[in-house]
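Working notes, beginning with the structure itself.
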Amino acid sequence: MEAKKILLVEDNPDDVILTERVLKKNNINNELQVEKDGAAALDYLFGTGSNAGHDARPLPSVVILDLNLPKISGLEVLREIRSHDQTQNMPVVILSSSKEEQDVADSYRLGADIYIRKPLDVGKFAEVIQQFGLRGPELSGHLPERRDLK
Amino acid sequence: MMESRRKHSVAMRIIVATIVLSLCIIASVSLFYSKLGQELKRNRTDTLSAVASLKVDQITKWREERISDATIIAGASMMQSLIEQAQYESGGNQAAGEMATFLAFMKQQYGYTKIEYFVTGTGRKELTAGVQYVDELLEKAATERKVVFSDIYQEGGPSGEEPRISVIVPFSSSSISLGMLHFQIDPRHFLYEFIQTWPFASRTAETLLVRREGNEVVFPNALRHRKDTAIPFRLPLDTMDLPAAMALHGVTGVVEGLDYRRVPVLAVIRPIPHTQWFLIAKIDRDEIFENIKPVMDIMLTFVFVMVLIFALIVIIIWQRESSRLTVERRRDELEREVLEQQYDYLTKYANDMIFLMDADLRIVEANDRAVEAFGYTRDELVTMTLKDLFIEQHCAGFDLQYGSPEQDRGWVYETVTHRRDGSSFPVEVSARHIKRGDETFYQAIIRDITERQRSRQKLLVSEKRYRELFDTVKSGVAVYEAFDDGNDFLINDFNRAGETIEGKTRDDIIGKRVTEVFPGIKDFGLFEVLRRVWKTGRSEYFPEAFYSDALHGGGWRENCVYKLPSGEIVAVYDDITERKCAEEDLKRLNEELEARVIERTSELEKANKEMEAFSYSVSHDLRAPLRSIEGFSRALLEDYHGILDDQGKDFLGRIRKASQSMEILIDDMLRLSRISRVEMHHEKVDLSAIANEIAEDFQNNSGGRRVDFVIQEDVLAVGDAHLLRLVMENLLDNALKFSRNNPEARIEFGIGNDTGKQVFFVRDNGVGFDMSYSNMLFEPFQRLHPRDEFEGTGIGLANVKRIIDRHGGSIRAESREGEGATFLFSTDG
């Protein structure tokens with residue numbers, strides 16, 4: 001079985017490299033699908049726009065989402081994700097440089113599973129993985145509160 | 001008083017009327033009574049007369065019959081022959097016997113008690129009947145040779161003394177010269193019966209026969225009302241009220257008197273002809289009035305009662321009147337007493353001096369006040385005249401004043417008097433004449449008018465002051481007087497300022513009507529106000545209004561209108577045209593300013609918002625590269641650990657630290673700017689609680705470092721909770737930071753006193769700072785310690801100061817190097 005991808009929505013290339021590093025350090029070797037803005041992310045997830053015509057691929061096992069994105073903001077993307085049946089229960093990790101309480105609150109309100117501040121710390125991330133059972137190639141960890149969709 | 005008199009006369013009238021009425025009643029009843037009496041009496045009299053006449057006739061007739069009888073018998077020839085024969089002794093006895101038989105027979109027939117005969121000459125019996133009286137009669141008959149009818153006389157009979165009447169008939173015949181036949185009658189048969197019968201029923205009426213015997217009145221027959229008395233009944237002749245006596249005195253006809261019972265009677269007296277007898281027909285007075293007696297009794301009772309009632313009324317009214325009069329008199333007396341007392345009291349305690357002087361003005365009496373005021377004793381005053389008390393120059397008109405006794409009303413004048421000690425004082429003298437009996441006195445009431453004059457003076461001064469004020473004050477003052485019942489006002493006075501404002505002179509407008517001088521006053525609205533103030537007496541403020549009329553350009557005026565006690569209306573006013581313009585300008589400016597402020601505020605808000613967005617994005621954009629630097633430096637350190645030498649690691653370490661500092665700086669700057677912009681919510685903040693939390697937090701995370709926290713409880717401040725928390729965090733963090741080299745670190749927080757003001761303080765016993773640089777303490781980015789000893793951007797205290805400033809408070813710090821620092825702050829100036 002092919003390992004699912006991880007969708008990383010981030011516009012800063014440095015942050016991409018750093019995030020990738022952390023994942024690798026934690027033995028998460030899934031293929032990373034990087035989208036540089038919110039619109040592209042949604043197109044990728046729903047086969048719209050630039051991705052139109054393609055079959056709905058196997059959805060990523062998790063979305064790592066930055067809030068500060070060009071075109072469509074991270075919160076908007078989150079909302080979109082949560083409003084579509086196929087992506088309703090998809091694990092979403094918000095990774096943002098913002099310390100604003102408002103951003104944190106909004107994220108959780110809109111259905112994010114966890115909010116982590118940048119820079120992503122290797123050790124910290126390990127905790128997160130532990131907490132959310134994100135492991136191995138399958139990376140099909142069940143988040144405690146979520147139902148398994150078949 | 002009048003009331004009383006009227007009452008009195010009314011009472012008197014009632015009394016008089018009552019008396020008169022009762023008298024009338026009595027009079028009329030008496031009149032009636034007497035008239036009735038008379039009527040009855042007359043009635044009875046007639047009856048009595050009739051009866052008396054009848055009886056007299058009867059008796060006369062009877063008498064005549066007896067005489068006639070006797071005469072006939074005596075004249076009977078047989079009689080005579082018998083008598084003759086009887087004279088002769090020889091056949092005399094037979095004749096006598098026959099005579100006797102004959103006489104006996106006659107006696108029986110006629111009811112005589114005795115018949116006897118007497119013959120003169122030979123063989124006559126003695127001309128004596130054995131009774132003296134009869135003998136006299138015989139004598140008389142013999143002499144007069146006429147029948148004699150005797151009076152009633154008494155003779156002894158079978159049952160004592162009995163009445164007898166004798167009829168003696170003389171006769172003569174051939175052989176007898178004189179013979180007499182004596183017939184004796186018992187008057188009780190027939191005669192008395194006549195008398196004693198009464199033709200009709202009556203209770204008391206009777207007829208009586210009366211005759212005289214010596215000095216006595218004799219009632220021969222039985223008395224109806226005295227059945228048990230001796231017959232005949234006798235009474236003295238001089239009983240003048242006895243009808244029988246009257247009869248014997250010659251009175252005949254109707255009489256009134258007292259009968260033998262001493263009972264009032266009505267009697268008719270008739271003489272019986274040819275006799276010494278009188279017939280009295282009488283009836284008791286009582287019987288006459290018998291029938292009417294009950295009625296009369298009732299009437300009398302009635303009258304009596306009426307009179308009694310009237311008498312009672314009279315008595316009652318009399319009594320009431322009399323007591324009322326007594327009361328009144330008493331009251332009058334009391335009044336008089338009181339008045340007298342009052343007078344005495346007044347003169348004694350009066351506040352004015354009262355003198356009584358004789359015609360020469362010598363003082364006779366002086367009241368206490370006079371003695372007191374003038375300083376002389378009463379005895380001294382009594383030797384002085386009123387003139388002695390007056391100051392010389394004032395005496396001039398004096399004599400003139402006092403000289404006229406005709407002035408009944410008295411007179412008043414002012415002058416100056418002096419006391420015993422020579423001091424003088426102004427007075428008002430009120431003098432008058434007083435008559436006591438025949439003498440004329442003067443009474444002077446003298447009042448010390450020192451005060452009054454002083455007041456007068458004050459009033460003058462005040463008047464002057466008022467006048468000056470009136471004319472110098474800058475506001476216009478107009479004095480109005482209501483006219484035509486408030487339908488218009490006259491201008492009584494107008495001050496200088498007013499003249500200036502109106503451009504008119506006082507003389508032009510005084511006395512004129514306000515509607516004439518200021519024609520626009522009604523439209524202006526002031527006229528209504530003048531009226532209202534005049535009507536209600538309540539003052540009014542008539543704010544700015546525009547006045548204009550044909551003569552006047554127009555201007556703004558402001559009026560205060562009020563009513564004086566005299567009834568005049570005063571308007572104090574100002575021309576506020578200029579002020580009004582200034583006001584308008586100001587208003588306009590204000591409005592412009594407002595608009596500008598609103599504009600500016602919205603601009604500011606916009607700027608704020610932009611600022612917010614800007615700082616947010618700036619900080620975010622600034623942070624990104626820092627993140628990269630930090631991230632990759634760390635990655636290098638971690639991933640290329642083996643390859644790097646110490647220096648390489650060291651360099652990378654410094655790179656990391658530098659970028660971290662930068663991040664902190666960005667955070668601080670962001671915070672600083674936000675502090676200025678964020679909205680403050682004021683509430684009560686428990687600083688002690690915050691301090692305790694920070695302390696606890698530290699203890700939990702200090703990793704063994706011991707710090708002694710002395711935190712005062714219940715320290716409250718008013719301000720923004722979040723910002724004040726930042727202050728506390730900052731100050732306490734600083735205290736902790738700069739005391740970490742002291743193993744006996746001690747941090748205090750509480751309320752203290754800073755030169756009289758109440759402040760909060762945070763004190764530590766750490767490293768302290770150089771006071772000479774204290775002014776830089778709260779500047780941003782200024783640091784007083786080397787970075788390698790104590791880290792920090794130098795922003796913290798700037799933040800704190802800015803927060804305190806926003807609260808309107810103040811903060812300062814004290815320290816000695818090596819001994820710690822104390823930060824003192826307040827949140828409300």
Side-chain angles (χ1 to χ4, degrees), chain A residues 8-29 32 34 36-38 64-76 93-107 115-129, chain B residues 609 611-643 652-653 655-675 677-679 681 721-723 725-726 729 793 795 799:
Chain A
L8 173 60
V9 189
E10 171 65 63
D11 66 329
N12 188 335
D14 288 347
D15 283 333
V16 170
I17 295 170
L18 288 168
T19 306
E20 207 173 12
R21 178 175 164 268
V22 170
L23 288 172
K24 288 234 162 49
K25 285 268 177 181
N26 280 294
N27 290 320
I28 298 171
N29 296 315
L32 218 55
V34 179
K36 290 208 206 81
D37 64 59
I64 301 177
L65 184 53
D66 184 15
L67 290 182
N68 264 317
L69 298 169
K71 294 196 185 156
I72 300 180
S73 75
L75 287 174
E76 271 306 307
V93 175
I94 303 291
L95 190 61
S96 175
S97 62
S98 166
K99 293 187 187 154
E100 296 298 313
E101 285 180 21
Q102 195 58 41
D103 288 332
V104 177
D106 289 341
S107 306
Y115 186 105
I116 306 176
R117 281 206 185 90
K118 285 189 220 175
L120 194 51
D121 190 68
V122 174
K124 254 253 180 64
F125 198 64
E127 277 175 39
V128 169
I129 293 168
Chain B
K609 279 223 179 69
M611 188 72 197
E612 179 77 33
F614 178 70
S615 35
Y616 183 75
S617 58
V618 156
S619 69
H620 180 264
D621 290 343
L622 282 173
R623 276 194 238 267
L626 282 177
R627 232 185 6 262
S628 301
I629 296 171
E630 159 70 21
F632 287 115
S633 311
R634 191 148 52 116
L636 262 175
L637 268 175
E638 287 172 6
D639 296 351
Y640 294 88
H641 203 268
I643 306 176
L652 280 170
I655 292 170
R656 282 190 69 205
K657 222 195 240 161
S659 79
Q660 273 162 14
S661 293
M662 179 101 189
E663 195 153 348
I664 292 173
L665 192 62
I666 292 170
D667 281 344
D668 282 349
M669 273 170 55
L670 199 61
R671 206 177 302 141
L672 187 63
S673 79
R674 194 168 288 155
I675 282 169
R677 279 183 285 109
V678 92
E679 229 178 273
H681 300 278
H722 177 65
L723 293 176
R725 176 174 281 269
L726 283 175
E729 280 173 1
T793 52
I795 289 234
N799 275 351

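One finds no salt bridge joining A/K25 and B/E638 here, because no Lys/Arg side-chain nitrogen approaches an Asp/Glu carboxylate oxygen to under 4.0 Å.
The contact between B/D667 and chain A is made entirely by side chain atoms (from C-beta outward), counting heavy-atom distances below 4.5 Å.
For the atom pair CG of B/D621 and OG of A/S97, the computed distance is 9.0 Å after rounding to the nearest 0.5 Å.
In this structure, B/R634 and A/L18 have side chains that are not in contact, with every pair of non-hydrogen atoms separated by 4.5 Å or more. B/R627 is listed as a side-chain neighbour of A/N12, based on a closest heavy-atom distance under 4.5 Å.
Scanning for side chain to side chain donor-acceptor pair (under 3.5 Å) contacts around A/K36 gives an empty result, with sequence neighbours left out. Looking at residues two or more places apart in sequence or on another chain, you find a side-chain contact (heavy atoms from CB on, under 4.5 Å) between B/A721 and B/E683, B/V685.
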